[in-house]
Amino acid sequence: MIDVDISLVNWSRAQFALTAMYHWVFVPLTLGLSFLCAFFESIYVRTGDEKWKSLTRFWMTLFGINFAIGVATGIILEFQFGTNWSNYSWMVGDIFGAPLAIEGIFAFFLEATFFAVMFFGWNRVSKGFHLFSTWMVAVGSNLSALWILVANGWMQDPVGMVFNPETVRFEMENFWAVLFSPTAVAKFTHTTSSAFVLASLFVLTISSWYLIKRKHQEMAKRSIVVASIFGLLASVYVGYTGDESAFTVSSSQPMKLAAIEGLYEGEESAGLVVAGMLNPAKNPGDDLDPFLFEMKIPGLLSILANREPGSFVPGIDDLVYGNEAQGVMGVDDKMKLGQTAVADLAAYKEARRDGDAGAAEAALVRFGENSEYLGYGYLRTPEEAVPPVAISFYAFHVMVALGSFFPILFLVYLFFLFRGKLEEQRWLLPVGLVSLLLGAIAQQSGWVVAEVGRQPWAIQGMMPVSVATTNVGVGNVQTTFFMFVGLFTLLFIAEVKIMLKQISIGPEGH
Amino acid sequence: MFGNLEYTTLQQIWWLLCSVVGSLFLFLNFVQGGQTLLCQVAKNDLEKSLVVNSLGRKWELAFTTLVLFGGALFAAFPKFYATSFGGAYWVWMIILFTFIIQAVSYEYRKKPDNFLGTRTYEMFLFINGSLGLLLIGAAVATFFSGSNFTLNLYNQVTWNHPLLGLEAAFSLFNLSLGFFLVFNARVLGGMYLLNNIDFTELDVFQGRLRRAVWINFCCALPFLLYVLISLLLRKGYGIGDNGVIELVAYKYLGNLLAMPLVLGLLLTGLILVILSVWLTVYRTSFRGIWPGGLGTVLVGLSLFSLAGLNQTAFYPSLTDLQSSLTIYNASSSQYTLTVMTYVALMIPLVLAYIAYVWRQMDGKKLTAREVTEEESY
């Protein structure tokens, strides 16, 4: 293997994180707003009320502005797998590439084709076909999320594949296992339903602004009814799928679970931390208390993680150094086996190159004994297997806290709306006004949990990010990183200014 | 059904499928070509709006086809994806940047308070249509002219040129294919706009478009001829016994003669492109885009076939011949290709609904009233 400069790895991670987080500012809005537009237009078609048509076109305009920048940032992500993670692309392209190609065939064309009808077809196609097109855009955009999230789910929980030492890559052997892996299913349902919540908050924010300004009040209240019902249902579902996600994480990524809970020493009847402040001096293996203060619900983590009261949940120290009593193998032991596997793989490849069939066969047999620990062979210290605990812990708790707040907000809005007194609640409307920002923070926190929490792995337990990077020279990645920062900043300012202008114009301009 | 197919057959099927997607992208480059014509043929706001709105209904289709092309190559030939994108870093990055700025330009160009101003977004469209296509052409040309990379025992790429892919743009052959793509896209763009816009009371505008088709065809021709002649005369990269890569004199001429169907595709494609220009310029036809588009697809298909079929290395290495990629050593596993082939059964359905929607939307030509009074870019 090529020795890769660690600063190159970190810059490559920074560039990918920047692109992904920027992309995820816009994409959840696309996923949710597409359905909200379909709901609005369905009501228009059913009632024939022109006010619903005007309302639909207003939200579609905002959808279109947002959609464009989501598309622009999406293409970078796909190609960055090749430009910055070329070793990864080769080693797992046999599995990871397929969902991306299927995404293109099934989803992107659906979106792209019907998008033009949705925006420019009002007077070119029938009312029914236009509505159908709006629904197809919603289905297409969410279908595209399915395939990329299947791919991401596979990275978190690699299933349905086998390592081929001849080609030095992982190869798919069961497509259905990849598609229906519990991790992939939980990831798709949790991510898309949280996107529906964010889009509902977007509608709530803009509508609240109109109510505060006493402009377009009827349109605002109509929008709030639909968005709050959609948001409420989606946020309840987010809670359910979040629980499913945590359950899959406990078995496939126990280190991530330990990090997001700040759990260093494993426990039976482990408690769930509701809130707390981590001790910044704490390191794996030392005797310091992990928390400066904490509030816990006793025994709940064991139930959520294992569906079994009183069960054992391993902590960071158990996973790094092992816990023989609980049958937990430590990273230090896995590294030894992994280093043997790396050496045997090298011996096999060299014997094959030199045409020594006997030595190749022997090396292959030895490699097979430890091949499942191959990824651990590239770690330098056992502690490297621990993700950044503070970032993972706080991001997780921010996400959960905000996620618990949103259904209450939707309920309160619906309560006052049905009582006909929403516009009088001057204390509530400013809360609705900032809810989009809170939703965006929850979204970003969720991805931080998912991606930072699985470090150092590109493929969980199989391939650390240090092996996945393209050996392209750190200066080149730094240059493109700052090019992306500059371009993204310009486009973000443009997007926000255009969006604010369209909101100030309001539905009459549509 | 596909589970019984030979591995090599699946590899060839997937090279052809990727070639079809790549060739369709070359046809849809009428969007990029039209973007570069914007300031040349449209002399006032109305004409600009007609051009932008006509192209704006199709830009996402072209964009999506490019994304699918990338996705299909990733899924079917991951070693190429890893080697080319990871090695030729700068050429792909610059191409990406030109597509990022394209994606926002249609939506933002005329929106009030758009921060960068209308002319900046128009410049973005021009950069995408010119620089973007030029570099794509140069990158595709390396399928024949080769690149500077080596692969180690683990198939990890090392690029052996400090320009990391941009050196492709300093080769006459590569640049010629790039310039051919740019001018051919402008020919297609002009013919698409003639087909899509209602020119009632816009005769001068229409005349400018027809002149642009002719001038750009004349510009494309020398580059095309240079590419074709060089291709027929140059050495190619053949796959010898036991998969050993070797230089073969007149390899691509040999490929054409060995694959008469490919020769037929190339000649038919060229004739169709010439026919489309003749119809547009001399018969004042509005339908030149169809033979021109089909011709471009056929020329694209023949070029991709020449590059990858008949025991040819489609991504040759100039620094280590044996690192060169073939459709056999760069592909996914047999299982993955089989799964993907089942998925590909959906392609006719996708093409069918695209064609249906295209017909629904373009049944009526785009009018001046529509871009001034209705929802438009």
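Throughout, protein chains are lettered first and strands after them, A, B, ... in sequence-line order, and every chain is numbered starting at 1.
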Is A:L500 close to chain B through its backbone or its side chain, or both, or neither, when contacts mean heavy atoms under 4.5 Å? neither
A:I95 vs B:T336, side chain to side chain contact (heavy atoms under 4.5 Å, CB included): CA-CA, chis, key distance, verdict: CA-CA 7 Å; A:I95 306 141; B:T336 294; 5.7 Å; no
Contact class of A:V496 relative to chain B, heavy atoms under 4.5 angstrom: neither
Under 3.5 Å, side chain of A:R124 to main-chain N/O of B:K364, donor-acceptor pair present? yes
Non-hydrogen atoms of A:G93 and B:P78 that approach each other most closely: CA-CB, 3.9 Å
Quick one: are the ring centres of A:F484 and B:F97 less than 6.0 Å apart? yes
Under 4.5 Å from any heavy atom of chain B - which part of A:T167: backbone
Count the heavy atoms belonging to other residues, nucleotides or ligands that lie under 6.0 Å from NZ of B:K365, then report whether that count exceeds 12. yes
Just checking, is any N or O donor in the side chain of A:T480 or B:Y89 under 3.5 Å from an acceptor N or O on the other one? yes
Verify the neighbour count for atom CZ of A:R353: are there more than 12 heavy atoms of other residues, nucleotides or ligands below 6.0 Å? yes
Most heavy-atom pairs under 4.5 Å with chain A, out of B:L61, B:L337, B:V67, B:T65, belong to B:V67
Below 4.5 Å from any heavy atom of chain B, which atoms of A:R169 appear? Answer side chain, backbone, both or neither. side chain
A:F129 and B:Y356 aromatic centres sub-6.0 Å: yes
Among B:M93, B:M361, B:K111, B:Q360, single out the residue with the greatest number of heavy-atom pairs under 4.5 Å to chain A. B:M361
Let me see the working for A:T479 and B:W90 under side chain to side chain contact (heavy atoms under 4.5 Å, CB included), right down to the final yes or no. CA-CA 10 Å; A:T479 309; B:W90 275 109; 3.8 Å; yes
Most heavy-atom pairs under 4.5 angstrom with chain A, which of B:N155, B:L349, B:V350? B:N155
Centroid-centroid distance, A:F109 to B:Y353, less than 6.0 Å: no
Under 4.5 Å heavy-atom distance to chain B, tell me which part of A:M136 shows up: side chain, backbone, both or neither. neither
With a 4.5 angstrom heavy-atom cut-off, which part of B:W159 approaches chain A: side chain, backbone, both or neither? neither
Would you call the rings of A:F96 and B:F74 parallel, tilted or perpendicular, taking 30° and 60° as the class edges? tilted
Under 6.0 Å from the CZ atom of B:F2, do we count more than 12 heavy atoms belonging to anything else shown? yes
Report which part of A:E495 has an atom under 4.5 Å of a heavy atom belonging to chain B: side chain, backbone, both, or neither. both
Need one label for A:N123: side chain, backbone, both or neither, based on atoms under 4.5 Å from any heavy atom in chain B. both
In terms of heavy-atom pairs under 4.5 Å with chain A, the winner among B:M340, B:Q102, B:K58 is B:M340
B:S333 backbone acceptor or donor facing A:D94 side chain under 3.5 Å: yes
Can A:W90 and B:Y81 be said to form a side chain to side chain contact (heavy atoms under 4.5 Å, CB included), step by step? CA-CA 8 Å; A:W90 166 245; B:Y81 198 84; over 6 Å; no
Worked check of side chain to side chain contact (heavy atoms under 4.5 Å, CB included) between B:F85 and A:T470: CA-CA 9 Å; B:F85 286 85; A:T470 305; over 6 Å; no
Does A:M91 offer a backbone N or O that forms a donor-acceptor pair with the side chain of B:Y154 under 3.5 Å? no
Side chain, backbone, both or neither: which part of A:K501 has a heavy atom under 4.5 Å from chain B? side chain
